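Note that the structure is predicted; figures quoted are calculated from it, not measured.
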Amino acid sequence: MTANADNAAEWAEAGVSLEVAGELATVTLCRPERRNAQSPAMWRALAAIGRELPGAVRVVLLRADGVSFSAGLNRQAFTLEGIPGERSFVDLAKSEDADEVIAEYQEGFLWWRRPDLVSIAAVQGHAVGAGFQLALACDLRVVAEDVQFAMKETALGLVPDLTGTKPLVDLVGPARALEICGTGRWVGAEESARLGLANLVVPAAELDAAASDLAAALLASPRNALIETKALLQGASARTLEEQRATERAAQLRRLKDLAGVGE
């Protein structure tokens, strides 16, 4: 299925599309002529897609048309006029609701971590700034051999503010994250795999197939077991060993009761 016609047209105008096939949803960045440059309209569309996903969906694949995953924020945002139809940075800096506005932008990056879903980003070419942060919003990343990640915000006098700093630190540690963000340098496929940014590196021609194979493998696991496992792993770093042991026992007891058909 696809989104209803009104939503689909609005999202396409913002550079995003959605396809749902049973338990798998595919979200595509579909402005290849602009290297999938991002805007607040795209972020609103991504947030809306997250809200409107059917309940049956349990794996979401994020991909992008063209040679680049996303070149980051539309450069018009850095002009005095800003992106047509959107608030300029100058206006945002002067406004009393700036915190609320940025929080709304972040909504497009949050739902990929939902406990009832597993999200996969298939990333090729450049994934810069907001593009890097969108890939980091997903649980897993399959990347092409030509991938180039970079966090350019600091070089522009800004900070990464689209929820990307926590997953970056969780994956590579604070010192490496600071070096990557502070220099704005490129991180290629080999290094991204070594650092844990990429789960899998494949030739560009095999990217879609590899991401689809990973989605199929995840869908082969029972839904509730996968949800429980994701929750265990997501919270592990914030728990002590004793707390994690107890959490494991509680989760396993729920699974045993479910399998035995005895419920809570």
Side-chain angles (χ1 to χ4, degrees), residues 18-27 46-47 49-63 106-123 132-143 163-174 176-177 192-202 207-264:
L18 169 68
E19 294 285 340
V20 178
E23 296 179 314
L24 175 66
T26 302
V27 178
L46 289 172
I49 286 171
R51 290 191 298 268
E52 298 185 24
L53 279 181
V57 170
R58 61 191 187 102
V59 174
V60 182
L61 175 59
L62 171 64
R63 59 174 304 280
Q106 293 171 330
E107 290 295 323
F109 294 73
L110 287 175
W111 63 267
W112 307 89
R113 304 171 173 88
R114 275 170 37 184
D116 60 321
L117 300 172
V118 177
S119 54
I120 306 165
V123 189
F132 192 4
Q133 292 185 79
L134 187 56
L136 286 167
C138 294
D139 296 310
L140 306 171
R141 281 153 296 282
V142 179
V143 308
T163 80
T165 56
K166 179 171 173 52
L168 182 61
V169 170
D170 287 346
L171 288 167
V172 307
R176 181 64 71 188
S192 69
R194 187 171 69 251
L195 293 177
L197 291 171
N199 297 88
L200 182 66
V201 178
V202 298
L207 180 62
D208 282 341
S212 295
D213 286 348
L214 178 55
L218 290 165
L219 288 170
S221 296
R223 179 172 195 151
N224 288 341
L226 188 60
I227 289 172
E228 290 274 19
T229 300
K230 179 177 175 178
L232 273 175
L233 298 174
Q234 276 188 320
S237 62
R239 301 186 191 107
T240 66
L241 176 58
E242 288 304 312
E243 289 169 340
Q244 186 72 359
R245 288 177 61 206
T247 305
E248 288 174 355
R249 295 195 300 272
Q252 192 70 302
L253 184 56
R254 286 191 294 271
R255 299 306 314 127
L256 290 171
K257 287 182 175 181
D258 184 51
L259 292 173
V262 297
E264 291 294 335

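Thr163 and Arg113 share a side-chain donor-acceptor pair at under 3.5 Å.
Val57 is listed as a side-chain neighbour of Leu117, based on a closest heavy-atom distance under 4.5 Å. Side-chain contact between Leu140 and Leu200 is absent, with no heavy-atom pair separated by less than 4.5 Å. Within the 4.5 Å cutoff, side-chain heavy atoms of Leu134 are placed close to those of Leu46. The shortest side-chain heavy-atom distance between Leu218 and Ile120 falls under the 4.5 Å cut-off. Taking 4.5 Å as the limit, some side-chain heavy atom of Ser212 sits within range of a side-chain heavy atom of Leu61.
The distance from atom CG of Asp116 to atom CH2 of Trp111, rounded to the nearest 0.5 Å, is 10.5 Å. The CZ atom of Arg255 sits 9.0 Å away from the CD1 atom of Ile227 when rounded to the nearest 0.5 Å. Within the model, atoms CD of Glu228 and CG of Leu233 stand 11.5 Å from one another, a figure rounded to the nearest 0.5 Å. Going from atom CG of Leu136 over to atom CG of Leu197 covers 6.5 Å, rounded to the nearest 0.5 Å. To the nearest 0.5 angstrom, Arg58 atom CZ is 7.0 Å from Ser221 atom OG. Taken from CD in Glu107 to CG in Leu110, the straight-line distance is 5.0 Å, to the nearest 0.5 Å.
Counting only distance, with no hydrogens or angles, the side chain of Arg141 and the backbone of Ala135 share a donor-acceptor pair below 3.5 Å. No side-chain donor-acceptor contact under 3.5 Å links Arg63 to the backbone of Ala122.
Across Glu243, Glu242, Glu248, a single residue satisfies side-chain hydrogen bond (donor to acceptor under 3.5 Å, both in side chains) together with Arg245, and that is Glu242.
Every residue meeting the salt bridge (charged side-chain N to carboxylate O under 4.0 Å, His left out) condition with Arg176, not counting sequence neighbours, appears here in chain and number order: Glu179. For Arg194, there are no salt bridge (charged side-chain N to carboxylate O under 4.0 Å, His left out) partners at least two apart in sequence or on another chain.
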